[in-house]
Amino acid sequence: MINEKRYRVLITYSLFPTSIGWCGVLTTQRGLLRLYAGYAERNQLLNHIAGAVDSHIKKVPATGIVIDKIKRYCSGKHVSFEGCKMDWSSLSPFQQKVLKAALKIPYGSVETYGNLARTIGCPHGSRAVGNALAKNPFPLVIPCHRIIRGDGKPGGFSAGGGVMLKNKLLQMEQLSLQKNR
DNA sequence: AACCCGCCCAACT
DNA sequence: AGTTGGGCGGGTT
C-alpha cells in the first residue's frame with residue numbers, strides 16, 4: 001500500500017486520456033512513483049489508484065515533461081524516456097536490476113524473458129524476471145511490453161489493458177519505425 | 001523454515 | 001498443441 005507517511009513525502013496525482021486509454025501518474029519530489037496506463041474508463045483508473053493509496057493525495061494538472069512524453073509516446077511517436085526521474089525506493093534490489101535492464105531495450109525491438117535473465121546474471125531466472133516485470137511501477141517508461149516469451153508468444157501483461165495492450169504497443173512501435181524509414 | 005504463486009523455459013509426447 | 005519438471009524471487013504464514 002502506498003502511504004505518504006511511509007514515503008515521508010507528498011504525493012500528487014494526475015489523470016489524462018490518451019489513444020491507448022486513460023493514463024495516470026503518481027509523483028513525489030523524488031520523481032515518478034507510479035504510472036498507470038490503458039484504462040478504458042477514467043473511473044476505473046481512479047478506483048485503482050484509490051485502492052493502492054492509503055491516504056488522501058492531491059490532484060494536480062496533467063502537465064510536465066514526463067506526462068508530455070507519455071502523451072507523445074501514446075500518439076505513436078518515437079519517444080525516449082531517458083532522463084525521467086523515478087522513485088525506486090519501494091523496489092527490491094532484484095526488481096531494480098530487472099527494470100534497469102529492461103530500460104535499455106530500444107524502441108521497436110523485443111527481448112525474451114530468458115535473455116533478460118541472462119544479461120542480469122541469473123541464467124535460470126526467467127520466471128523471476130517475469131515476476132519482477134509484472135510489478136513494474138512504470139509501464140511504458142520502463143518498456144516491459146518489449147519482453148516476450150522465448151517461443152515468440154507475447155507472454156503476459158499486468159498493466160491496464162492486458163496482453164491486448166502489449167500487442168498494441170509493439171505494433172505501434174513497429175509502425176512508427178517503418179514510417180520514418 | 002515451509003509453502004505457494006507467477007508476464008517462463010526446454011524437452012519431451 | 002499439451003504436459004512436465006526445473007528454476008527463481010518474493011510474499012505469507
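All values derive from a computational prediction rather than experimental measurement. Chain A is the first sequence line, chain B the second, and so forth, proteins listed ahead of strands; every chain is numbered from 1. Both backbone and side-chain heavy atoms feed into the values below; hydrogens, waters and symmetry mates do not.
Rounded to the nearest 0.5 angstrom, A/H145 NE2 and A/L169 CG are separated by 5.0 Å. Of the inter-residue distances, the one linking A/I142 atom CD1 with A/L99 atom CG reads 4.5 Å to the nearest 0.5 angstrom. For the atom pair A/Q174 CD and A/S109 OG, the distance stands at 8.5 Å (nearest 0.5 Å). With rounding to the nearest 0.5 angstrom, the OG1 atom of A/T12 is 9.5 Å from the CG atom of A/L33. Put simply, CG on A/N47 and CZ on A/R42 are 10.5 Å apart, with the number rounded to the nearest 0.5 Å.
Separating the P atom of C/dG5 from that of B/dC7 is a span of 22 Å, rounded to the nearest Å.
A/F81 has its side chain out of reach of A/F138: every pair of non-hydrogen atoms, C-beta onward, lies at least 4.5 Å apart.
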A/C84 vs A/L32, side-chain contact (heavy atoms from CB on, under 4.5 Å): CA-CA, chis, key distance, verdict: CA-CA 8 Å; A/C84 287; A/L32 195 57; 5.7 Å; no

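Nucleotide C/dG2 holds its P atom 12 Å from the CZ atom of A/R149, rounded to whole Å. One can place NE2 of A/H124 at 7 Å from P of C/dG7, the figure rounded to the nearest angstrom.
Using a 3.5 Å distance cut-off with no hydrogens or angles, the side chains of A/Y36 and A/H48 do not pair a donor with an acceptor.
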For nucleotides 9-12 of chain C, list the nitrogen or oxygen atoms of the protein found under 3.5 Å from its nitrogen or oxygen atoms, one pair per line.
residue	atom	partner	partner atom	Å
C/dG9	N2	A/N131	ND2	3.3
C/dG10	OP1	A/S92	OG	2.4

Base-pairing string, 5' to 3', of DNA chain C - Watson-Crick or wobble, under 3.5 Å, | interstrand: ||||||.||||||

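Just one residue in the list A/T112, A/V110, A/I105, A/N136 forms a side chain to side chain contact (heavy atoms under 4.5 Å, CB included) with A/I147, and that residue is A/I105.
Minimum heavy-atom separation, A/L91 to A/Q96: O-NE2, 3.0 Å.
In summary, contact between chain A and DNA chain B, defined as any nucleotide atom under 4.0 Å from a heavy atom of the protein, begins and ends at B/dG6 to B/dC9 in the 5' to 3' direction.
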